[in-house]
Amino acid sequence: MTTRRAFLGGATTLVGAAAVTRAAAAGLPEAPYASPSEAAGATAAPLAPPNGRPYHPVVTLNGWSLPWRMKDGVKEFHLVAEPVVRELAPGMQANLWGYNGQSPGPTIEVVEGDRVRIFVTNKLPEHTSVHWHGQILPCGMDGVTGLTQPGIAPGKTFVYEFVARHAGTFMYHPHADEMQQMAMGMMGFWVTHPKDPRQHAVERDYVMLLGAYDIEPGSYTPRTNTMLDFNLWTLNSRVFPGVDPMVARLGDRVRIRVGNLTMTNHPIHLHGHRFEVSCTDGGWVRPEARWPEVSVDVAVGQMRAIEFVADNPGDWAFHCHKSHHTMNAMGHAVPNLTGVDHRGVAEKINDLIPGYMVMGDKGGSMGGMQMPLPANTLPMMTGRGPFGNLEMGGMFTMLKIREGLGRNDYRDPGWYRHPAGTVAREWTGELPAPAQAPGVPAADAQPAAPASARKPRSHGH
Ligand SMILES: [Cu+2]
């Protein structure tokens, strides 16, 4: 970008600014790329519109919004479909496909009524197309390979042009070799803001796409033939603890928009608040038709926007409620050994396999376990909180609500300082007698196996 501007600046002395501007404008708009820190996964500051109608920009969690060029009243964007390397969380990189250097691609933000022109250059080894999921547009702009257009061959650029007719929440993704291209991470968010910025106004507007990958521990490239059994569940192609927290000032009205381009549904759950679904794939929900929720199921191919007032300070969990979707890659073909006494068995196996470790006889908690991991592999349940291991992964992050933050301050405020006496704590005083299910003897009245922690013999301590 800088190089080109510098070149144009120098050229004006020779041929005049107007001629150069016309020449530059005749070509493709530049394809913007994220800054190095954003490319590494940092959440970009909201992109304030430099021209066109005003709007309140969104924040793409661990992502960024795509700048445009205004040409004769048309917003021109340039997407480049290409292979990318995405850090899913510190310690794990994935070879994905995406747009403009990242998966998901940059968020496109326009205003209701805008005429939009999107150039799509294909740098993938196979054809592609872009479907503008949810947009009401001329059929030939719908991006379905074979049905509404030929595929964009490698090395070619296509142009799409339509009016963003309705304010709302949308996505973009290929409609070409979808199983491969979506399993490789090709997707992006699209927000059409209302013409009147006072309509549906909120103080904080977060967007995220749900993704799923099947990456064998120790490897880098997703298996794209997987139908349902994915092992990495992502928010904007990041997994916890690589997902930034959402930050809100106490009293802010907050919107979180979620789009699902995985192959299964995700019940998205927010702690500490009641919210309403304010916008779906089809547009805004009338206020009298909204009902209160604390979880919203986002089905395959759907978008849901939730809204609430951030009136409860703290660090609140925000996650998919399918417990395997808040874990990182693991083998799932493991029997449940809770309650099984395998002391004798473990000793025998230790003679054959030094370092053998019994798992799961006291439940599945792995927070304290140190197991060797292959390279480029994240722990299954991980993340450190102020009280210890979080034992999370995948589709998990936090909503951090604090008093007195700056209007545009999205920095992680650190851990919540709980007011004195408001944290669950160990009780050492007198206990009331617990009620017992009728006819069932209390557990401590039954003969119990002695509890003892087992460690692999080779660790020798
Ligand atoms: Cu899920």
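Count residues from 1 along the sequence. Indexing begins at 1, ligand by ligand and atom by atom, following the structure's order.
Between R53 and E112 there is no salt bridge, since no side-chain nitrogen of the basic residue lies less than 4.0 Å from a carboxylate oxygen of the acidic one. Ion pairing between a basic and an acidic side chain is recognised when a charged N comes within 4.0 Å of a carboxylate O; E403 and R249 show no such pairing.
Distances shorter than 2.8 Å separate the Cu ion (ligand 1) from the protein N/O/S atoms H266 ND1, C320 SG, H325 ND1.
Of the listed residues (H324, H321, H325), just one forms a ring-ring contact (aromatic ring centres under 6.0 Å, His included) with W233, and that residue is H325.
Listed by chain and residue number, K400 satisfy the side chain to side chain donor-acceptor pair (under 3.5 Å) test with D412 (two or more places apart in sequence, or in another chain).
Using modelled atom types, one finds a donor on one side chain and an acceptor on the other under 3.5 Å when comparing N265 with D297.
Aromatic ring pairs are classed by plane angle as parallel below 30°, tilted from 30° to 60° and perpendicular above 60°; the pair W132 and F162 is tilted.
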